[in-house]
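Chain letters run A, B, ... following the sequence lines, proteins first, then strands; residues in each count from 1.
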Protein chains: 2
Amino acid sequence: MYEPAQLRSFLAVAQTLSFTQAARRLGLRQSTVSQHVRRLEDATGRQLFTRDTHAVELTEDGEAMLGFARRILQVHEQATAFFTGTRVRGRLRFGASEDFVLTRLPEILEAFRYDHPEVDLELTVELSGTLHEQLAAGKLDLVLAKRRPEDPRGALVWRDDLVWIGAERLRLDADRPVPLIVYPPPGITRARALQALEREGRAWRIVCTSGSLNGLIAAARAGLGVMAHSRRLIPPGLFRLPDRSGLPGLGKVDFVLVHGRRHGAAEDAANALAAAVLAGGERLGRRGD
Amino acid sequence: MYEPAQLRSFLAVAQTLSFTQAARRLGLRQSTVSQHVRRLEDATGRQLFTRDTHAVELTEDGEAMLGFARRILQVHEQATAFFTGTRVRGRLRFGASEDFVLTRLPEILEAFRYDHPEVDLELTVELSGTLHEQLAAGKLDLVLAKRRPEDPRGALVWRDDLVWIGAERLRLDADRPVPLIVYPPPGITRARALQALEREGRAWRIVCTSGSLNGLIAAARAGLGVMAHSRRLIPPGLFRLPDRSGLPGLGKVDFVLVHGRRHGAAEDAANALAAAVLAGGERLGRRGD
DNA sequence: TGACTGTCATCATGTTTTGTGATATCCGGC
DNA sequence: GCCGGATATCACAAAACATGATGACAGTCA
């Protein structure tokens, strides 16, 4: 018997990889979330997360549960949409960063279109920084993007380690500037990478910039250099650089969902989509294999 | 927030059209089931059943909820199967009456095969009476069929009114014997129909017998006569006879799930399939339109 | 018509479950 | 070795739950 509240907590933890953050997002306390997960673990008889106080990771059973939880909560979403019957309509200008678009977002959007056929959805794919700017300028209603360091707003959807990745046989020479593959400004990952290098006084040069993730990936696959990327979103054909490569740590990235200034029709639609994203969750691509 | 316990109760009521029977099947009390349904109705803000103490019927919203509930509980089933990981295997001889086979059973069986690929499922489709006999003879492990009046065993899966149906333009002459379309013995519906007519001293003659439901349907569509059938299972092209046609009432039919003598491997498989049938529920065909 | 039976809704109640806050425990980094 | 940030545990108060008793109501049978 899997209580939906427990599944919600579980899903949020799986997404944020943090009991504390999950609790914050759900409006619960950390101890509650902890209990929810434990209940599920008791009910299944399996451990769902490995967690040694400083790192939370899904187990294989956890991955399976993720699928079940998502399916159940998705139906809950649909049922709610159906019964509240808020005939959501209007135009919704939604901005998403490319990292997400590549993976689970299509599914979520498809389900959303099915549940709310009367919403005209306009999707903008851009750099996270650009999306935030457009949101501020009132050109978007809802944005799913990396969190800007200085901007605490938004519901945490996904937290991940930012790591260095590159082609399999890539070797770095410690004496030479680090060859970087980055988004153009105002890329948030770009800024993080440069900051990290400069803090260590490490020299760098940019070997590729592209506004398109596929452009960056192509460059990285070709072995032109390294790029900073979410650990759980590593595209096929690229690999995390070993720690001994001597590059500085990059910390974490948060993907957040931010609402624009509310205005009438778009607000309901934005709420509905936000709920779908938060509930439907994101598988977000396979592990870097 | 739809609690699974409430959904289970709701589903059981939708299947049995009875709060009392649902409670019995679930091992709960009637008042509990009543509360469960009311909670759901509160949560959705819609009435899910029309019920005037002597008739329970799904509303349109109830039909919708039925879909949601089934999907959620189905995933629960799958999750349970996955985590208990009881690697169910072995041979399972399952008998089902044709009424069901035509409708939702394929879906349930498909899901079952997916969840328990190592079970060799042998399906027997026969008259309910024959299935009961074969079960008693140890030739079947699990049977889904109409309940025999004298046999109280089995979990109630589906309760329905038995009604007279026939072709659209069928007219009956009150002076002449009722033209009957029936299964051969030991058909349970057959017995019920004959009993009802004889109790009223009404003359009848058999115009068609067939061991196959499709045979009966064909005869009925051709306007050869009337047949007794579950009200909610009326096949397309056939219609319930109006009360003023003067035929006697037929009462209710119960479809039950009965286990055979338990023996080893088949027992786990039978339990799993029984759970799937009870949880996955049956849509059981559209209304007779 | 009037008692009867079977059904569902309601209510008070005792019990269980839930969410919480405080606290213990653990790990990594400084 | 200590501190900061993270999860687990525990006791408790509040909420939710299942229950049995009771009431209302509709058909049934006499």
Check Arg147(B) with Asp151(B), please: is the shortest side-chain N to carboxylate O separation under 4.0 Å? no
Check the distance between dT17(C)'s P and Arg38(A)'s CZ and give it to me in whole angstrom. 13 Å
Below 30° counts as parallel, above 60° as perpendicular, anything between as tilted: where do the rings of Phe49(A) and Phe19(A) land? perpendicular
DNA chain D: Arg159(A) or Gln35(A), which has the more 5' nearest nucleotide? Arg159(A)
In this structure, how many angstroms lie between the P atom of dT19(D) and the CZ atom of Phe19(B), rounded? 16 Å
I need the CG-P distance between Asp42(A) and dT18(C), as an integer number of Å. 11 Å
So, does Thr32(A) get its side chain near the phosphate of dT20(C), meaning an N or O under 4.0 Å from OP1 or OP2? yes
Which atom pairs, one a donor and one an acceptor, fall under 3.5 Å between side chains of residues 25-33 of chain A and the rest of the protein, sequence neighbours left out?
{"unit_1": "Arg25(A)", "atom_1": "NH1", "unit_2": "Gln15(A)", "atom_2": "OE1", "d": "3.1"}
{"unit_1": "Arg25(A)", "atom_1": "NH1", "unit_2": "Leu156(A)", "atom_2": "O", "d": "2.8"}
{"unit_1": "Arg25(A)", "atom_1": "NH2", "unit_2": "Gln15(A)", "atom_2": "OE1", "d": "2.6"}
{"unit_1": "Arg25(A)", "atom_1": "NH2", "unit_2": "Leu278(A)", "atom_2": "O", "d": "3.4"}

OP1 or OP2 of dG19(C) sitting under 4.0 Å from any side-chain N/O of His36(A)? yes
Closer to the 5' end of DNA chain C via nearest nucleotide, is it His54(B) or Arg29(A)? His54(B)
CG of Leu26(A) versus C1' of dG19(C): gap in Å, rounded? 13 Å
Phosphate-side-chain proximity, Ser31(B) and dT19(D), N/O vs OP1/OP2 below 4.0 Å: no
For the pair made of CG in Leu40(A) and C1' in dT7(D), what is the distance, rounded to whole Å? 16 Å
Are any of the side-chain heavy atoms of Leu73(B) and Arg8(B) separated by less than 4.5 Å? yes
Counting only side-chain nitrogens and oxygens, does Arg39(A) get under 4.0 Å of the OP1 or OP2 atom of dT17(C)? no
Pair Lys146(B), Thr189(B): side-chain N/O donor-acceptor within cut-off below 3.5 Å: yes
Residue-phosphate contact under 4.0 Å: Arg51(B) side-chain N/O, dA26(D) OP1/OP2: no
Classify Val56(A) by what it touches in the nucleic acid, base, sugar-phosphate, or nothing, heavy-atom distance under 4.0 Å. sugar-phosphate
Here the distance between atom C1' of dA16(D) and atom CD of Gln6(B), to the nearest Å, is 10 Å
Take atom CD of Glu3(A) and atom P of dT17(C), then tell me their distance rounded to the nearest Å. 11 Å
What's the CZ-P distance between Arg24(A) and dT7(D), to the nearest Å? 11 Å
